[in-house]
There are 4 protein chains.
Amino acid sequence: MNSTDPAQATIQAPCAPRRGRPRSEAAEQAIVEAVLRLLDSGTSLGGMSVEGIAAEAGVGKATIYRRWPNKDALLLDVLVRTELAEPEYVGGSVRDTLVEIMEFFRESALARRERPSVAAFADQFRAVPELHKRYHEQVLEPRRARLRGLLAIGVAGGEVRADIDLDLLGEILVGPMLSRTMLHPHADLDDPKLSATIVDTLLQGIAPVRSGT
Amino acid sequence: MNSTDPAQATIQAPCAPRRGRPRSEAAEQAIVEAVLRLLDSGTSLGGMSVEGIAAEAGVGKATIYRRWPNKDALLLDVLVRTELAEPEYVGGSVRDTLVEIMEFFRESALARRERPSVAAFADQFRAVPELHKRYHEQVLEPRRARLRGLLAIGVAGGEVRADIDLDLLGEILVGPMLSRTMLHPHADLDDPKLSATIVDTLLQGIAPVRSGT
Amino acid sequence: MNSTDPAQATIQAPCAPRRGRPRSEAAEQAIVEAVLRLLDSGTSLGGMSVEGIAAEAGVGKATIYRRWPNKDALLLDVLVRTELAEPEYVGGSVRDTLVEIMEFFRESALARRERPSVAAFADQFRAVPELHKRYHEQVLEPRRARLRGLLAIGVAGGEVRADIDLDLLGEILVGPMLSRTMLHPHADLDDPKLSATIVDTLLQGIAPVRSGT
Amino acid sequence: MNSTDPAQATIQAPCAPRRGRPRSEAAEQAIVEAVLRLLDSGTSLGGMSVEGIAAEAGVGKATIYRRWPNKDALLLDVLVRTELAEPEYVGGSVRDTLVEIMEFFRESALARRERPSVAAFADQFRAVPELHKRYHEQVLEPRRARLRGLLAIGVAGGEVRADIDLDLLGEILVGPMLSRTMLHPHADLDDPKLSATIVDTLLQGIAPVRSGT
DNA sequence: CGATAACCGAGACGGTACGTCGAGTCTTGGC
DNA sequence: GCCAAGACTCGACGTACCGTCTCGGTTATCG
């Protein structure tokens with residue numbers, strides 16, 4: 001990822017006009033799929049070029065720039081679109097649901113299509129606030145809200161202590177997955193017990209069982 | 001950050017020859033300092049160019065490429081070199097030492113010089129294993145070992161449960177700092193109570209104090 | 001003049017495509033004129049850089065490389081384009097026409113724009129046959145054919161002996177001009193009688209008038 | 001051939017110092033031979049680099065620059081040194097001697113070692129007067145003087161007309177060889193009758209035998 | 001139904017940076 | 001003061017992309 005840096009750019013999803021020939025739905029799809037195909041064929045997100053994408057998609061460069069203001073916006077959009085849909089967590093104890101959530105993160109991280117990874121944008125998030133804003137609004141905040149809701153239920157049901165910052169809790173939970181995605185991209189994510197271990201460790205704490213016991 | 005991607009590159013610190021005019025120590029320093037100076041003056045890590053660095057350092061491009069195989073290697077090297085030195089954690093309870101460690105991470109993340117941030121490399125770590133290897137060996141693994149040692153003391157002293165994967169524990173601890181650096185680079189890191197909160201949350205667990213007790 | 005030597009390069013005049021935005025006629029002209037302007041301002045052909053030309057022309061380097069495969073091809077093309085147009089030699093005796101032709105060569109050699117001189121390519125002609133081929137086809141052969149035609153008329157009209165290799169004759173005639181361009185570039189070319197002297201010397205021979213006379 | 005052009009450089013043969021260790025004769029020879037060897041192995045004069053020469057000669061670059069002020073000076077020096085020694089023209093008619101001289105030129109042009117050809121310097125002669133001066137003094141002028149002497153004998157003996165500029169005559173004679181070296185480097189030089197043809201053509205003139213006869 | 005506005009693929013445009021190479025100079029240790 | 005080796009600065013090479021701008025041609029919708 002680079003762009004010439006000046007960190008301006010207004011990141012936005014494709015914006016529609018009103019008159020004349022309408023934009024080709026097919027072209028848009030071809031572009032996104034071309035990115036995915038290139039990713040599959042070994043190109044890293046950062047090593048992607050708009051020219052390459054256009055060629056792979058059989059599309060003119062202008063057709064891309066008509067839809068996204070720049071390369072980063074396109075790539076981030078692909079990232080957002082390929083975010084796995086988080087399942088509805090309906091029944092069960094809060095503990096079990098937390099494990100389910102962690103499993104979702106683990107599988108997301110494993111997913112072949114997860115390759116367009118947030119990692120590629122971490123640096124841009126700092127430099128291009130719009131980029132971060134978009135990802136935050138579309139992915140991070142909804143996820144965080146959902147988690148907060150769940151934990152609130154846990155608090156109400158007595159499964160979770162009431163004096164805890166729920167957002168911080170989310171960050172702690174996500175920590176290991178994030179660490180393995182960002183800092184140790186070759187780390188092992190295959191162990192299906194990982195999620196349960198994390199949740200239980202956090203629930204029980206790491207200090208030996210207290211007092212009277 | 002980009003490079004032409006092919007993810008080959010042999011990342012290594014400048015390797016010295018033995019015959020002929022020796023490499024100029026001054027030049028090397030000038031280069032690293034030029035990077036830092038550019039960072040200060042607003043250039044983002046990703047927006048840095050070798051040509052700009054050479055100019056700022058008053059050095060020929062070849063002098064840079066003689067020492068590092070490409071831009072990324074140089075930038076990573078600067079990142080490694082500017083990593084704050086982790087203090088010796090000598091006395092006190094394990095809990096207090098953990099808080100100190102977290103404070104170190106928080107301050108690192110805040111530090112002006114932290115701007116050459118890991119975030120810029122997260123994507124490269126996936127694509128260029130040598131890059132990751134170097135960072136892992138020089139920064140991550142030492143840090144992890146230190147943490148493991150400390151937690152082992154905690155286990156021995158009865159402050160930490162014995163049945164926990166210490167590396168995983170490290171990942172959990174670091175989680176919030178990582179999350180705020182990578183995913184929420186504009187997040188608040190100023191609260192000095194944050195470290196204690198995280199450590200204590202983890203020590204006590206988030207489930208209400210357990211029964212019979 | 002140098003290039004990295006390997007003497008491959010396919011020298012050709014700018015070749016047009018058929019689809020997409022057509023090549024800018026203006027850019028092409030700007031490039032050639034920039035070369036000429038630089039020549040005027042003192043830069044020697046050999047000391048010319050593509051970067052300098054691009055800058056002077058207000059054009060991207062790629063725009064140059066899109067049209068010519070390398071620096072030498074561009075420079076040769078400029079040389080060919082600035083070759084003075086040989087006048088039509090219509091009336092008069094063959095002797096007078098030969099003098100006219102020699103005058104043309106003399107004036108070409110003198111011409112300000114003659115500065116992009118063949119001399120700069122003499123070495124390349126040996127190493128890069130395509131370069132020579134192009135110059136031969138576009139400049140040398142037409143000139144030689146014209147000369148051959150004229151001399152043939154001379155033979156028919158009894159002004160020139162019939163047993164002479166007309167191409168060799170051409171080489172002999174051109175000799176002094178070539179010598180002064182290549183070996184004695186500071187030699188005197190101002191004497192307007194030079195051409196007549198050469199032609200008459202050659203017509204009459206250098207041996208004293210023969211026999212009966 | 002290029003150099004950064006500024007056409008200054010003081011061209012001179014290796015100039016000796018006075019104190020300390022004397023210059024290695026062997027090194028000098030190794031350098032010249034390295035150039036010749038590179039020429040043999042296909043490198044063109046223009047495509048030669050000082051670094052390559054130094055490597056081929058097993059010599060430091062400084063050792064070269066201690067002897068010649070720059071690349072062109074070295075190359076010209078090699079050119080001058082490899083100039084074939086012109087034979088003594090002792091007996092026979094002036095016509096026969098002229099043919100011998102032309103043969104010498106033809107063989108020089110053919111000679112394997114003639115590859116370090118004047119052609120490579122034609123452009124530099126214009127831009128770097130010192131370069132031309134040296135070649136002129138060491139090669140061209142002696143040759144011209146010898147020719148002038150011979151022709152003077154011819155005039156005295158009645159073989160050559162008295163009213164002719166002898167230097168111009170030399171240029172006319174050399175013309176075809178020069179043309180074939182410079183403009184038609186792939187031209188045929190194998191015909192041993194060529195020299196006689198040129199000389200006789202010039203002696204007799206190209207106009208039909210004159211009147212009264 | 002014909003005009004017209006916005007689309008489309010292709011590819012050229014001015015730029016910036018890449019990583020490499022070479023020129024001519026400087027600096028080691030060693031003879 | 002020489003030597004080989006190889007550093008140094010500088011500047012150009014030819015390539016690759018960026019984001020923009022034309023081309024000629026196509027396709028919906030409006031008048």
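Every heavy atom of this structure was used, including side-chain atoms; hydrogens, water molecules and symmetry mates were not.
Taking a pair as Watson-Crick or G-U with both hydrogen-bonding distances under 3.5 Å, the stems of three or more pairs touching DNA chain E are E:1-31 with F:1-31.
Going from atom CD of A/Gln124 over to atom P of F/dC18 covers 13 Å, rounded to whole Å. Atom-to-atom, CD1 of B/Ile31 to P of F/dA7 comes out at 13 Å; the value is rounded to the nearest Å. Atom CH2 in C/Trp68 sits about 14 Å away from atom P in F/dC13, given to the nearest Å. Between D/Arg67 atom CZ and F/dA4 atom C1' the separation is 13 Å, expressed in whole Å. Atom CG of D/Asp72 is separated from atom P of E/dA23 by 10 Å (rounded to the nearest Å). Taking atom CG of residue D/Leu74 and atom C1' of nucleotide E/dG24, one finds them 13 Å apart after rounding to whole Å.
Between A/Glu28 and A/Arg23 no salt bridge is recorded (no basic side-chain N to carboxylate O distance below 4.0 Å).
Note on B/Arg23: every side-chain N or O is 4.0 Å or more away from OP1 and OP2 of F/dC8. At the phosphate of E/dG11, neither OP1 nor OP2 sits under 4.0 Å from any side-chain N or O atom of C/Arg66.
In this structure a side-chain-to-backbone donor-acceptor pair under 3.5 Å is missing from A/Arg126 to A/Ala122.
Contact record, C/Arg37 with C/Ala30: NH2-O, 4.3 Å, taken as the closest heavy-atom pair. Here the closest heavy-atom approach between residue C/Thr43 and residue C/Leu39 is recorded as O-CD1, 3.3 Å.
Closest to the side chain of D/Ala27, out of F/dC3, F/dG19, F/dA7, is F/dC3. Residue D/Glu51 places its side chain closer to E/dG24 than to any other of E/dG19, F/dG14, E/dG24.
The shortest distance between side-chain heavy atoms of D/Leu79 and D/Leu45 does not fall below 4.5 Å.
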Nucleotide N/O to protein N/O under 3.5 Å, stretch nucleotides 24-28 of chain F:
unit_1, atom_1, unit_2, atom_2, d
F/dT26, O2, A/Arg21, NH1, 2.7

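Residues D/Phe125 and D/Tyr135 place their aromatic rings such that the two centres sit under 6.0 Å apart.
Within residues 55-65 of chain A, the residues approached by DNA chain F to less than 4.0 Å at the level of any non-hydrogen atom are A/Lys61, A/Ala62, A/Tyr65, in residue-number order.
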